[in-house]
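First the structure, in the form of structure tokens, and then the observations on it.
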Number of protein chains: 2
Amino acid sequence: MTSLMDVAQRAGVSRQTVSNVLNAPDRVASPTRERVEAAIAELGYRPNRSAQNLRSRRSHLLGLDLKPTGPEEVSPVLDRFVHALSEEAARVGYHVLVFPRADDAAVTHLPLHATRTVDGFVLVDTEAHDRRVEVLAKNDVPFVTFGRSGGGVAHDAVDVDGHVGGRLAATEALSRGARRPAFVTWPKGSLAGDARLAGFLEVCAEAGIPGEDITVLRRLHRVEDGVEAALTLLRGDPTIDAIVASCDLLAVGVLRAVRSLALRAGHDVRVIGFDDSPIAAHLDPPLTTVGQPVREVAQRVISTFLARLDDPEAPVRVELLEPHLVVRLT
Amino acid sequence: MTSLMDVAQRAGVSRQTVSNVLNAPDRVASPTRERVEAAIAELGYRPNRSAQNLRSRRSHLLGLDLKPTGPEEVSPVLDRFVHALSEEAARVGYHVLVFPRADDAAVTHLPLHATRTVDGFVLVDTEAHDRRVEVLAKNDVPFVTFGRSGGGVAHDAVDVDGHVGGRLAATEALSRGARRPAFVTWPKGSLAGDARLAGFLEVCAEAGIPGEDITVLRRLHRVEDGVEAALTLLRGDPTIDAIVASCDLLAVGVLRAVRSLALRAGHDVRVIGFDDSPIAAHLDPPLTTVGQPVREVAQRVISTFLARLDDPEAPVRVELLEPHLVVRLT
DNA sequence: AACGTTAATTTGAACGTTCAAAGCAGCGTA
DNA sequence: TACGCTGCTTTGAACGTTCAAATTAACGTT
């Protein structure tokens, strides 16, 4: 392992000068700098992260807890998020450490931070009164959530505006001529689902469609649930000409049901999903969906996190990003 | 942040004694140890990982590159593996750092190791002549692969014996009375797929079933491919009474096709998959499948990795684990 | 010619831990 | 009484970096 000292000796300067060449090149005279740079290149020197970590009192690591994906459960958004997050983290000298989520954050999360193995956490899939949020907040552990958590604790969060997304979906459906839209979503209590529904209903109301003409079905988020819901919907009321689903998986089911009834998605019934999962583009016909700006979410999560590290006392920051409509053929 | 020194002062001993209480308790007299332990508890002291890392010249981090999961692509085994790996790593004081896979390992992997951000890597989805394997081996970077890579470079690896798995599947099918089994697998060149097929054919031969009576279809690994393959198989030869698929996703398709032909999986046609994905247990009927000992793989990967760190010159170790049959209803 | 100024570089110290060696009792033995 | 031994504890040093302060050189001012 070559260290600063090795480079310094080779270039005939002190270790601090080498450090300066790397961290503050303008403090070093050009000829010296070139000599040092040559030495660095010749020796293939790379600064030791552990030493930097000790000195800076930062691990430059971000903890991310993963829960095992259950049967049938796919989390396409999470998957893209992990990628985006690790890329954005790398951009600012950070990295992502993953660990298995346990029941009690005090057992898994706290020790990781107490030992300064990580500087803090990113939480996903937060639910109302999330234990993790409560435990971390109480222990002054820096963290940022992707998605707001409904609970009583105020904390840094980055979220995609579900209300706007609902509006986008409804507007798209109506602008394509739909007059009798329906909505398939999750059981009551899901923050995201309820916001999407609210936005959807708002646009419908603005368009003069009476609330009682709009059927809202609540199911789980699996494909079969989508199939069943759509069948119920279309059999119960054949005039329904648009179905918006709270997530793409449900929309996949809707699409299937539509086809099984010999209807054409995109013609007889408009179908719109949520999240722009990788599947969406590859369905037949490709699914129109409300996309989440996953990369931007990751960016904001990182910058919010760094800001929190820099100033633990700063006011809580909640960022709300705009989703976008991905118009395809349904 | 409380350090060893704080604890030492509080307990009225030297920092090294505190260190000993934690790392070699038997070197410390009982009364002293108790005093120190009390101080540790009172102050809530946890040793600083960055300092330990610097001292030990280890980051205690294992790099794992993730490639973005494409459309429709689910990797149920990988998913469980990541979990198991991070758990097994934690057991020995290690953690898993994930980062996005790029085309060139020299750009993503090498710097992570040169800076000692990670101590080495775990590679999954290795293919023949994998660039990553070549680059890491050439640069003496410690790594272990899950799954053998076909290339010319010998390296540490942990794999599940596909040949045994194929035998297991065939034996199960035949012992349930099947006389005309077929096999659906991937395009030629897949190490895992070919091994599974070979084991399968071996048992069939042993049972006296002539090779020309066994149809082998090669498709991709998606559900639709399974559907199509099974339809081709069963329409082409209605006497086929067992279909073994190289992965559960294919088997899901097979199951669907079987049902669409008004046949009963498990009665008219035996269906056996591979990998015991989370889906398998929740299908209707639940899928019989050859399971991979994912947790044990993770364990072996970790122990192999540690052995490699301890002795870079040790002979290459390739571990082959036995898969197991998960008998359900098909 | 002495002095202040600025730029460039070096030295000292510290981050928190652990290894290696040294120190110190207390005790039994010669 | 001196010696070595054992068990327990402390001190010194080092891992590789960077901040802060000190040093040195070069140069223009008065």
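Proteins come first, then strands; the chains are lettered A, B, ... in the order of their sequence lines, and each starts at number 1. Only heavy atoms go into these numbers, but all of them, side chains included; no hydrogens, no water, no symmetry mates. Worth saying up front: this structure is predicted, and the values here are computed from it rather than measured.
Between B:Ser19 and C:dT18 there is a side-chain polar atom (N or O) within less than 4.0 angstrom of OP1 or OP2. OP1 or OP2 of C:dT9 has not a single side-chain nitrogen or oxygen of A:Ser14 nearer than 4.0 Å. Close to C:dT18, at under 4.0 Å from its OP1 or OP2, lies a side-chain N or O of B:Gln52. Distances shown here put every side-chain N or O of B:Arg57 at or beyond 4.0 Å from the OP1 or OP2 atom of C:dT18.
Comparing D:dG16, C:dT17, C:dA8 by their closest approach to the side chain of A:Ala29 singles out C:dA8. When each of D:dT9, C:dG16, D:dT18 is scored by its nearest atom to the side-chain atoms of B:Val28, the top-ranked nucleotide is D:dT9. When distances run from any side-chain atom of B:Asn20 to the nucleotides D:dT10, C:dC15, C:dT18, the shortest one goes to D:dT10. The side chain of A:Thr17 approaches C:dT10 more closely than any other nucleotide in the set D:dC8, C:dT10, D:dT17. Looking at the side chain of B:Ala51, the nearest of the listed nucleotides C:dG16, C:dT18, D:dT10 is C:dG16. The side chain of B:Arg15 sits closest to D:dA13 out of D:dT10, C:dC15, D:dA13. Across C:dC15, C:dT11, D:dT11, the shortest atom-to-atom separation from the side chain of B:Gln16 is found for D:dT11.
For the pair B:Arg55 CZ and D:dG12 P, the interatomic distance rounds to 16 Å; values are reported in whole Å. Note: CZ (A:Arg27) to P (D:dA20) measures 10 Å, nearest angstrom. One atom, CG of A:Leu4, and another, P of C:dT11, lie 15 Å apart when rounded to the nearest Å. Atoms CD (B:Glu34) and C1' (D:dC8) sit 15 Å apart, rounded to a whole Å. The CG-P distance, from B:Leu43 to C:dG16, rounds to 14 Å in whole Å. When the C1' atom of C:dT18 is taken as reference, atom CG of B:Leu54 falls 11 Å away, rounded to whole Å. Residue B:His60 contributes atom NE2, which lies 12 Å from atom C1' of D:dC15 at whole-angstrom precision. Rounded to an integer number of Å, the gap from B:Arg58 CZ to C:dT18 P is 14 Å.
For the pairing with A:Val301, the side-chain contact (heavy atoms from CB on, under 4.5 Å) check across A:Thr145, A:Leu85, A:Asp156 returns one residue only, A:Leu85.
As judged by a 4.0 angstrom heavy-atom cut-off over every strand, B:Ser56 is placed among residues making no nucleic acid contact. Within 4.0 Å of A:Thr32, counting heavy atoms only, lie sugar-phosphate atoms of the nucleic acid but no base atom. No contact: B:Asn53 has no heavy atom under 4.0 Å from any strand.
Taking 3.5 Å as the limit, the base of D:dG7 and the side chain of B:Arg33 contain no donor-acceptor pair of atoms between them.
Under 4.0 Å is where a charged nitrogen must lie from a carboxylate oxygen, and between A:Glu296 and A:Arg300 at least one such pair does. A salt bridge links B:Arg148 to B:Asp159: at least one charged side-chain nitrogen sits closer than 4.0 Å to a carboxylate oxygen. A salt bridge links B:Asp310 with B:Arg58: the distance from a Lys NZ or Arg NE/NH1/NH2 to an Asp or Glu carboxylate oxygen falls below 4.0 Å.
Note: B:His155 and B:Phe143 meet the aromatic proximity criterion, with ring centroids under 6.0 Å apart.
If A:Asn48 and B:Ser30 are placed on DNA chain D by their nearest nucleotide, the residue sitting closer to the 5' end is B:Ser30.
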Full working for side-chain contact (heavy atoms from CB on, under 4.5 Å) between B:Asp125 and B:Lys67: CA-CA 9 Å; B:Asp125 302 328; B:Lys67 72 158 185 274; 3.4 Å; yes
